[in-house]
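First up is the structure itself, then whatever we jot down about it.
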Amino acid sequence: NPAALAQSDDSKESQEQYLRAIASLLEGPFLTSFTSQPQTLKSAVNFLQKNDFDQANKIFQEYSLLFTNSYTRLLTIPAPPRWTNFHASLLTTFRKIALNYSGLIKIQEDPLLALTATSDLGSNLALIQLSILQELKSLLTGNNLELPSSPLFETIGILNSVPQ
């Protein structure tokens, strides 16, 4: 529910402050883990194929915590009114991905849950690229904002596609 989110105002300064807060939250360990996710998940699958559930679960647990912690920290960032739908989408997606990884941890007790989590995880990760990043680019362009210099924005390729 976007109404329950902490809000700031729609001034250019507040919007740029919001971008800096999002960038600082998602840089560093989150960005590194997120970009290495395909290789890490491949290694988790290799562990599962060898029936080494403990090693696979360790990977799934790390990602579940990573997305849960990021979700919790996102809750504290006040979003400008123009950004509440974007912020709500980001929160919802992070929560879903954290739950997907929690489902994968239960692969031995509940294989059906893990199978569903695997399918949902792919959809949720695709949503970040197909929907959330597109909305971010649109908001940046539509509000004539200066993008903070950030490894996050460089990595996701937004710096190259938004007029500065």
Side-chain angles (χ1 to χ4, degrees), residues 1-8 15-16 18-45 48 56-57 59-107 110-143 145 147-148 150-162:
N1 178 4
L5 297 175
Q7 288 195 348
S8 59
Q15 292 181 68
E16 289 176 353
Y18 173 75
L19 287 171
R20 286 190 299 275
I22 293 290
S24 73
L25 167 77
L26 298 179
E27 284 170 2
F30 179 85
L31 185 59
T32 303
S33 295
F34 187 79
T35 55
S36 66
Q37 201 167 202
Q39 298 85 354
T40 308
L41 289 177
K42 188 175 182 180
S43 111
V45 169
L48 291 174
N57 285 345
I59 291 170
F60 300 144
Q61 185 67 43
E62 280 178 31
Y63 277 108
S64 180
L65 284 171
L66 180 76
F67 279 93
T68 300
N69 290 340
S70 296
Y71 170 84
T72 304
R73 289 177 57 204
L74 274 172
L75 283 172
T76 67
I77 298 175
R82 286 185 187 150
W83 292 79
T84 53
N85 287 339
F86 168 82
H87 198 74
S89 296
L90 201 56
L91 282 165
T92 300
T93 303
F94 275 36
R95 185 178 55 78
K96 286 179 180 178
I97 291 172
L99 290 172
N100 294 152
Y101 280 114
S102 294
L104 287 170
I105 293 166
K106 296 177 170 69
I107 192 164
D110 194 344
L112 187 58
L113 174 66
L115 185 63
T116 304
T118 302
S119 172
D120 288 350
L121 179 62
S123 301
N124 289 325
L125 291 171
L127 189 65
I128 290 175
Q129 192 166 1
L130 299 174
S131 177
I132 292 176
L133 292 182
Q134 294 310 313
E135 187 175 358
L136 178 59
K137 288 177 186 179
S138 171
L139 283 162
L140 291 169
T141 306
N143 293 304
L145 301 175
L147 200 55
S150 148
L152 172 71
F153 296 124
E154 289 167 19
T155 301
I156 57 181
I158 288 185
L159 283 180
N160 304 332
S161 62
V162 173

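When reading the values below, keep in mind they use all heavy atoms of this one structure, side chains included, and skip hydrogens, waters and symmetry mates.
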For [X], which residues count as a side chain to side chain contact (heavy atoms under 4.5 Å, CB included) partner, sequence neighbours excluded?
| X | answer |
| --- | --- |
| S24 | none |
| A21 | I77 |
| Q61 | L65, I105 |
| S8 | S14, P78, P80 |

Starting at [atom1] of [X], measure out to [atom2] of [Y] and round the result to the nearest 0.5 Å.
| X | Y | atom1 | atom2 | value |
| --- | --- | --- | --- | --- |
| I107 | L48 | CD1 | CG | 4.5 Å |
| K42 | I59 | NZ | CD1 | 13.0 Å |
| L127 | I132 | CG | CD1 | 5.0 Å |
| L125 | I97 | CG | CD1 | 4.5 Å |
| L90 | L136 | CG | CG | 9.0 Å |
| Y63 | T68 | OH | OG1 | 14.0 Å |

- Task: Taking salt bridge (Lys or Arg N to Asp or Glu O under 4.0 Å) as the test, write out the residues that go with R20, two or more places apart.
- Result: none
- Message: Can you list everything that forms a salt bridge (Lys or Arg N to Asp or Glu O under 4.0 Å) with E16? Sequence neighbours excluded, please.
- Response: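 Salt bridge (Lys or Arg N to Asp or Glu O under 4.0 Å) check on E16 returns K12.
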- Message: If the condition is side-chain hydrogen bond (donor to acceptor under 3.5 Å, both in side chains), which residues does Q37 pass it with, not counting sequence neighbours?
- Response: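 Checked Q37 against side-chain hydrogen bond (donor to acceptor under 3.5 Å, both in side chains); matches are Y101.
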- Item | S64: partners by side-chain hydrogen bond (donor to acceptor under 3.5 Å, both in side chains), with sequence neighbours left out | S102
For [X] versus [Y], what's the shortest heavy-atom pair and its separation?
| X | Y | result |
| --- | --- | --- |
| L113 | K106 | CD2-CD, 3.7 Å |
| L104 | A114 | CD2-O, 3.5 Å |
| A56 | A44 | CB-O, 3.7 Å |

- When you measure from the side chain of S138 to the backbone N and O of Q134, does any donor-acceptor pair fall under 3.5 Å?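 Flag not set: sc S138 to bb Q134 has no pair under 3.5 Å.
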- Query: Can any side-chain N or O of H87 pair as donor or acceptor with the backbone N or O of L74 at less than 3.5 Å?
  - Reply: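 Judged by distance alone, yes, a pair lies under 3.5 Å.
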- Task: Sort and list the pairs that fulfil side chain to side chain donor-acceptor pair (under 3.5 Å) and have at least one residue in residues 111-127, not counting sequence neighbours.
- Result: N100-N124
- Write out all pairs satisfying side chain to side chain donor-acceptor pair (under 3.5 Å) with one or both partners inside residues 69-82, taking only residues at least two apart or from two chains. R82-N143
- Message: I want to check something: taking the side chain as every heavy atom from C-beta on, are E62 and S33 in contact at a cut-off of under 4.5 Å?
- Response: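 They are not in side-chain contact.
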- Message: Run the side-chain contact (heavy atoms from CB on, under 4.5 Å) test on I128 and F34 for me, step by step, so that the C-alpha distance in whole Å, both residues' side-chain angles and the decisive distance to 0.1 Å come before the verdict.
- Response: CA-CA 11 Å; I128 290 175; F34 187 79; 3.8 Å; yes
- Message: Per the salt bridge (Lys or Arg N to Asp or Glu O under 4.0 Å) rule, what does the pair list look like for residues 94-103, sequence neighbours excluded?
- Response: none
